[in-house]
Amino acid sequence: MSGVKLEKVIKRYGNVQVVHGIDLEVEEKEFVVLVGPSGCGKSTTLRMIAGLEEISDGTVTIDDKVVNETAPKDRDIAMVFQNYALYPHLNVEENIAFGLKIRKVGKEDIKKQVDEVAGILGLEDYLERRPADLSGGQRQRVAMGRAIVRHPKVFLFDEPLSNLDAKLRTQMRAEIKRLHKRLGVTSIYVTHDQVEAMTLADRIVVMRDGVIDQVGSPMELFNNPINTFVAGFIGSPPMNQIDAVVEVKNDKLFANIVGHSIELPPLRELTTKDDGRKVVLGIRPEHVLVTPEDGAAAIPVELDLVETLGSEALLHCQVAGNHFVVKAETHGKTDHLEQVSTLYFRSNMLMVFDHETGMAFDHPSSTQV
Ligand code: ADP
């Protein structure tokens, strides 16, 4: 099967280790996105899969075959880069056909394949043009066409949309998703943009400092981030995080935020013995209420700024010295939002993290039944 498996993969540049023993299994036909801040080792990992970087330790397996010593051209992969890497002196047709020509595919067969791919990508009218006479989006499509005609077992994408403007990026993102649905080729995609990761991925791999923090479907990561890093990375705007202290009252657990108490959801890993323990409360901007509700705790806030998006607005506030963002519905006006001085928190919308380690309490991955 055309899956990709990484086992204890390490990358060192001289004495400096930048990828620290990564384990990852990508299933056949799966679309997996590696996401994380700049410098966390995403590209290096992808380039080791492609064979463009030597693997310092561990193994990479493609289609059940260890490829550590296999040349890139023999790995049955096709890579799409941020800078397109097109031949400027060749036209679109010749660029797409280049790899086939080198492999001595017959002329008629090449024409058939190029026409088919041009059809899929909407490039039929541009076959005679050179890259310089194309828009950024069209160039990126040519780069994808060149990858598609090779019928690889795996597509590798390295920030392919980074050079495009915001509108085109959104459009191309949808095209890549459609293409994957149609072709069903195993794909590994690197980006620093969490929105791209959320919209494209079957599963997202969140990387930090050369290690994998969490792997899961977009909604798994959104609903159950394993730590404060993932919580702060996934979601737009990301999850708010407030420092709080555990407080026990009548055998119930509360979080105290500068004198205000919010009842905590029931947690197996946090008990009355944790009275006085420092924690981090996590709450998504869209889960905070701006109007009172039965059972919701009221916390006074200082409103800094209201950013109007249309149907929604972002309220930037200060809560106990922490920057805090609320996403609220406007229902066509923002006057009521400009007046907000209290926010309301429901217990069941809170996540609780350890202050020292940043790890989530009662994360599903730690459930012992
Ligand atoms: P990302 O793709 O997540 O932005 P990279 O994989 O490009 O990160 O880089 C990971 C780390 O490896 C960074 O700290 C980077 O400086 C380092 N690095 C990348 N290439 C080299 C190289 N050729 N020599 C030394 N260090 C490198």
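In what follows, residues are counted from 1 in the order of the sequence shown. Both ligands and their constituent atoms are indexed starting at 1 by order of listing.
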Enter the distance from Ser38:OG to Glu159:CD here, rounded to the nearest 0.5 Å.
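Reported value, rounded in 0.5 Å steps: 8.0 Å.
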Drop me the distance from Phe222's CZ to Gln194's CD, to the nearest 0.5 angstrom.
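Between atom CZ of Phe222 and atom CD of Gln194 there are 9.5 Å.
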Taking only heavy atoms of [X] into account, list the atoms of ligand 1 that are under 4.0 Å away from them.
X: Cys40; answer: 1 (P), 3 (O), 8 (O)
X: Val18; answer: 11 (C), 12 (O), 17 (C)
X: Ser38; answer: 4 (O)

Within the protein, is there a heavy atom lying under 4.0 Å from atom 13 (C) of ligand 1?
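Yes, at least one protein heavy atom sits under 4.0 Å from atom 13 (C) of ligand 1.
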Counterpart residues, side chain to side chain contact (heavy atoms under 4.5 Å, CB included), relative to Lys29 (two or more places apart)
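Applying side chain to side chain contact (heavy atoms under 4.5 Å, CB included) to Lys29 gives none.
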Any salt bridge linking Lys42 with Asp158? Criterion: basic side-chain nitrogen under 4.0 Å from a carboxylate oxygen.
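Judged by the 4.0 Å cut-off on N to carboxylate O distance, Lys42 and Asp158 do not form a salt bridge.
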For Glu196, is there an ion pair with Arg173 - N to carboxylate O distance below 4.0 angstrom?
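No, Arg173 and Glu196 are not salt-bridged.
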Looking only at protein heavy atoms, which one is nearest to [atom], and what is the separation?
atom: atom 7 (O) of ligand 1; answer: Ser43 CB, 3.8 Å
atom: atom 9 (O) of ligand 1; answer: Thr44 OG1, 3.6 Å
atom: atom 10 (C) of ligand 1; answer: Gly39 O, 3.5 Å
atom: atom 18 (N) of ligand 1; answer: Tyr13 CE1, 3.4 Å

Should the ring pair Phe233 and Phe229 be called parallel, tilted or perpendicular, given that the plane angle runs from 0 to 90° and is split at 30 and 60?
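Answer is parallel, since the angle falls under 30°.
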